[in-house]
Amino acid sequence: MRVAPHAATSSNKASPIQAQLMRLHILDDPMPEFGDHEATDDPLQVLRHSTAHLLAAAVTELYPGAKYAIGPPIENPPGFYYDFDLGKPINEADLPAIESRMRRLAQADLPFVHETLPREQAIEEFRKRGQDYKLELIADKVEGNGVSVYRTGDFLDLCLGPHVKSTRDLKAFKLQRVSGAYWRGDEKKPQLTRIYGTAWQTQKELDDYLKFLEEAEKRDHKKLGKDLKLFLVDDRVGPGLPMWLPDGATIRREIERFIVDEEIARGYKHVRTPDVARLDLYRQSGHAKLYADYMYPPMKFEDGEELELRPVACPHHIVIYQSELRSYRDLPLRLAELAGYWRYERSGVLAGLNRVRHFTLNDAHVFCTPEQLIEEVKGAIELALYFSKVLGIDEFYYEVATRDDVKEKWLGTVEQWEEAQADLMEALESMGQTYKVGVGNAAFYGPKIDFQVYDAHRREFTNSTVQIDFQLPQRFDLEYVAEDGTRKRPVMVHRGAAGSMERLFSYLIERYAGAFPTWLHPTQVVVIPITDAHHEYATEVASRLRAARLRVEIDGRPEKMQKKIREAHSRKVPYMAIVGQREADAEQVNVRDRQNREVATPLETFVSMVAAEVAERRR
RNA sequence: GCCGCCGUAGCUCAAUUGGCAGAGCAGCUGUUUUGUAAACAGCAGGUUACGGGUUCGAUUCCUGUCGGCGGCUCCA
């Protein structure tokens, strides 16, 4: 399932979260278990895998008749889980009892014993124990006559291992939460009870990790979005329909200006298209059939017209492409838009700004000749890398998402897909980038490269994406006039170089913990007059800064300076310009930055310093 | 949608086994004019998400709905 093991990094500068996780030795390797996981010798994964067995052993003791399904270590968030069929619901209040039983088993110093049983004997052992899920796994996943199992005391698990020597080696673990999970990831199959936990080699590492989780809680974009008044979700408007408050909207406007200017500089043409279209447009594109689950019911009118809120903007851009006869000389034609998308996401998946029902994508569709395709894909990747670098997306990896095995889920021919997949991989390889492969994660019209980023809690999200599409050009009968005068079919590249504004914003809030770089911060400078007597000079300072197009506030409230400093600090304002009599007399400001450095600075020096920092988008 | 948890003032949180819903911050009104992370006093603020039920009495117990959080499935 995986081609290359290493995550790509766009910058050698580690973010605070990244540094934290490196310190915590959070690793990047696949994991062992029967099922969809692979074996690894990485000691930390082995430890977590063994802790999962310990959990299952404890649960089978405490819940007679419990059936255990699968229980692998996981990378992000770091730990393990085990899925059970307990026959009755449990909740997090039940975890301490399970955890103490685990500790008792750990202290009992039980060895992890590896055995290879003849198939019939393995089946008999698990049948005797009533372990139906294991029997199903043996039937489906285990080939040959030898069945690898591990024994820990009375507990027996189907498992390739490896494991630690003894339960005694499991010293630092904690059960965290319970949730539901479908057997073999299929929502038509029974739902099992999943218990999540984390495990480390030492208590110190466990404590550090729990501390990290507390810190992650503080950076959570939903919390900071409220504290810093960046955005709002209100159920009178509707779930998954965020509203951008003035400060959030200011940051978004800066990002959008940056994006649009850069794209125009790179040869994109920006357009504007409506958020609705006739349903027939999506019948033609295939979305009405293959993307129906995410589409709102159409608006139907008396005369039979059906309008649809768009889940994607490609058909609109295609219509623009077709508005004139295109020549090979026009290609590549790169049409870009900050395009509003509407998707009916199921209620249970909505999450802050990360999963919403209306979002704006930094969208573009490149129409090009087959010969231009690789260069266009590379250009899109380079643009995404540039945006990532400037915005501070330091850590991500590429996933090449390939076709699903199920024919009903995609359009076109196997040959077209193989070619498109090979093109994406070639583009990455020619740029010296490594990637993972995600089988079955492609769009229905073609494979894609997703840029996978992590939030503060180490959950993974797709931000940027680059997709190759041979299907929509065919379905819409796109063509261009070639050099020889014949009509030929262009290829499309769909790409969201900076992802959606919503998801990008949630990422940036957590990445900077709200302390945005000066160019993005809604208030770049707060001018703080010490007494009313200094208001006049404060106004002068502010207007000098505003003349340099900086966003400035004067905190002229009749409050103590200390209080104003404290508040500006908690809003993470990059600069405070504190002005009293001394500053007014000397045409200076006393500058205090987010590191609490204080320095008396001539006013003009301060203005040009901040203006330069903003112009360079320094971070 | 499914599993588990949660919903008290704008925000953060209290409220003995069911017995008159409270504090800090924010807001408003005064007083204070201040030199580097919270001045002082007063006022106002609630159908305890919403609807049923049990009870003499429900923030508390039961139930339905809505919403949030963490997962699953899915995804920008």
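Here is how names work: the chains are called A, B, and so on, in the same order as the sequence lines, proteins then strands, and each is numbered from 1.
As judged by a 4.0 angstrom heavy-atom cut-off over every strand, A:Asp532 is placed among the base-contacting residues. Among the protein residues, A:Glu583 comes within range of the nucleic acid bases, having at least one heavy atom under 4.0 Å from a base atom. Looking at heavy-atom distances under 4.0 Å, A:Gln176 makes no contact with the nucleic acid at all. Counting non-hydrogen atoms under 4.0 angstrom, A:Ile90 reaches the backbone sugars and phosphates but no base. Residue A:Asn441 is out of contact with every strand shown, counting any heavy-atom pair closer than 4.0 Å.
Candidate nucleotides B:rA37, B:rA76, B:rA39 were compared by shortest atom distance to the side chain of A:Glu559, and B:rA39 ranks first. The nucleotide whose nearest atom lies closest to any side-chain atom of A:Gln562 is, among B:rU36, B:rA76, B:rU32, B:rU36. When distances are taken from the side chain of A:Arg592 to each of B:rA37, B:rG35, B:rA76, the shortest belongs to B:rA37. The side chain of A:Pro558 approaches B:rU32 more closely than any other nucleotide in the set B:rG35, B:rU32, B:rG1. Comparing B:rG35, B:rU33, B:rA76 by their nearest atom to the side chain of A:Thr531 picks out B:rU33.
Remark: C1' of B:rA76 and OH of A:Tyr445 are 10 Å apart, rounded to the nearest angstrom. Rounded to an integer number of Å, the gap from CG of A:Asp227 to P of B:rC25 is 17 Å. Atom CD of A:Glu345 is separated from atom C1' of B:rC75 by 6 Å (rounded to the nearest Å). When rounded to the nearest whole Å, the span between CD of A:Glu217 and C1' of B:rU12 equals 15 Å. Atom-to-atom, CZ of A:Arg571 to P of B:rA26 comes out at 14 Å; the value is rounded to the nearest Å. Distance CZ (A:Arg236) to C1' (B:rA49): 12 Å, rounded to an integer number of Å. Note: CD1 (A:Ile565) to P (B:rU36) measures 8 Å, nearest angstrom. Taking atom CG on A:Leu224 and atom C1' on B:rU12, their separation rounds to 15 Å, with Å as the unit.
Separating the CD1 atom in A:Ile578 from the CD1 atom in A:Ile528 is a distance of 5.0 Å, to the nearest 0.5 Å. Here the NZ atom belonging to A:Lys564 is positioned 12.0 Å from the CD atom belonging to A:Glu553, to the nearest 0.5 angstrom. Atom CD1 in A:Ile195 sits 11.0 Å away from atom CD in A:Glu99 (nearest 0.5 Å). A distance of 10.0 Å separates CD of A:Gln467 from CE of A:Met492, quoted to the nearest 0.5 Å.
B:rG7 and B:rU48: their C1' atoms are spaced 10 Å apart (whole Å). With P as the reference atom, B:rU54 and B:rA44 are 38 Å apart, rounded to whole Å. As rounded to the nearest Å, B:rA15 and B:rU8 have P atoms that lie 14 Å from one another. Annotation: B:rA26 and B:rC69 have their P atoms spaced 28 Å apart (nearest Å). Separation of the P atoms belonging to B:rG52 and B:rU47 is 16 Å when rounded to the nearest angstrom. Comparing B:rG45 with B:rG1, their C1' atoms are spaced 39 Å from each other, to the whole Å. Comparing B:rG71 with B:rG42, their C1' atoms are spaced 49 Å from each other, to the whole Å. The gap from the C1' atom of B:rC25 to that of B:rG67 amounts to 26 Å, rounded to the nearest Å.
Atom NZ of A:Lys407 sits in a crowded spot, with more than 12 heavy atoms from other residues, nucleotides or ligands closer than 6.0 Å.
By the 4.5 Å heavy-atom criterion applied to side chains, A:Val552 and A:Val541 are not counted as neighbours.
Of the two residues contacting RNA chain B, namely A:Lys223 and A:Thr465, the nearest-nucleotide position lying further toward the 5' end is that of A:Lys223.
For A:Asn463, no side-chain nitrogen or oxygen approaches OP1 or OP2 of B:rA76 to under 4.0 Å. Applying the 4.0 Å criterion to OP1 and OP2 of B:rC2, one finds that A:Lys188 has every side-chain N and O outside that range. Between B:rU33 and A:Lys563, no contact under 4.0 Å exists linking OP1 or OP2 to a side-chain N or O.
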Handout entry: Strand RNA chain B as a dot-bracket string - pairs counted if Watson-Crick or G-U with both distances under 3.5 Å, | where the partner lies in another strand
Key = (((((((..((((.....[..)))).(((((.......))))).....(((((..]....))))))))))))....
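The aromatic ring centres of A:Tyr397 and A:Tyr435 sit 6.0 Å or more apart. A distance of 6.0 Å or more separates the ring centres of A:Phe80 and A:Tyr82.
Panel note: side chain A:Asp235, backbone A:Gly238; no donor-acceptor pair is recorded below 3.5 Å.
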Problem - Where protein sits on nucleotides 67-72 of chain B, one letter per nucleotide: B base, S sugar-phosphate only, - none, heavy atoms under 4.0 Å - result: SSSBBB
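Both thresholds, 5.5 Å between centres and 30° between ring planes, are met by A:Phe359 relative to the base of B:rA76, so the two rings are stacked.
Under 3.5 Å, the side chain of A:Arg346 and the base of B:rU73 form at least one donor-acceptor pair of N or O atoms. Between the side chain of A:Glu598 and the base of B:rG35, no donor-acceptor pair of N or O atoms lies under 3.5 Å.
In this structure, A:Tyr398 and A:Phe451 have perpendicular ring planes: the angle between them is above 60°, well past the 30° mark.
With respect to the salt-bridge test (charged N to carboxylate O, under 4.0 angstrom), the residues A:Glu559 and A:Arg566 do not qualify.
Put simply, the residue from A:Trp183, A:Tyr68, A:Tyr133 that forms a side chain to side chain donor-acceptor pair (under 3.5 Å) with A:Asp85 is A:Tyr133.
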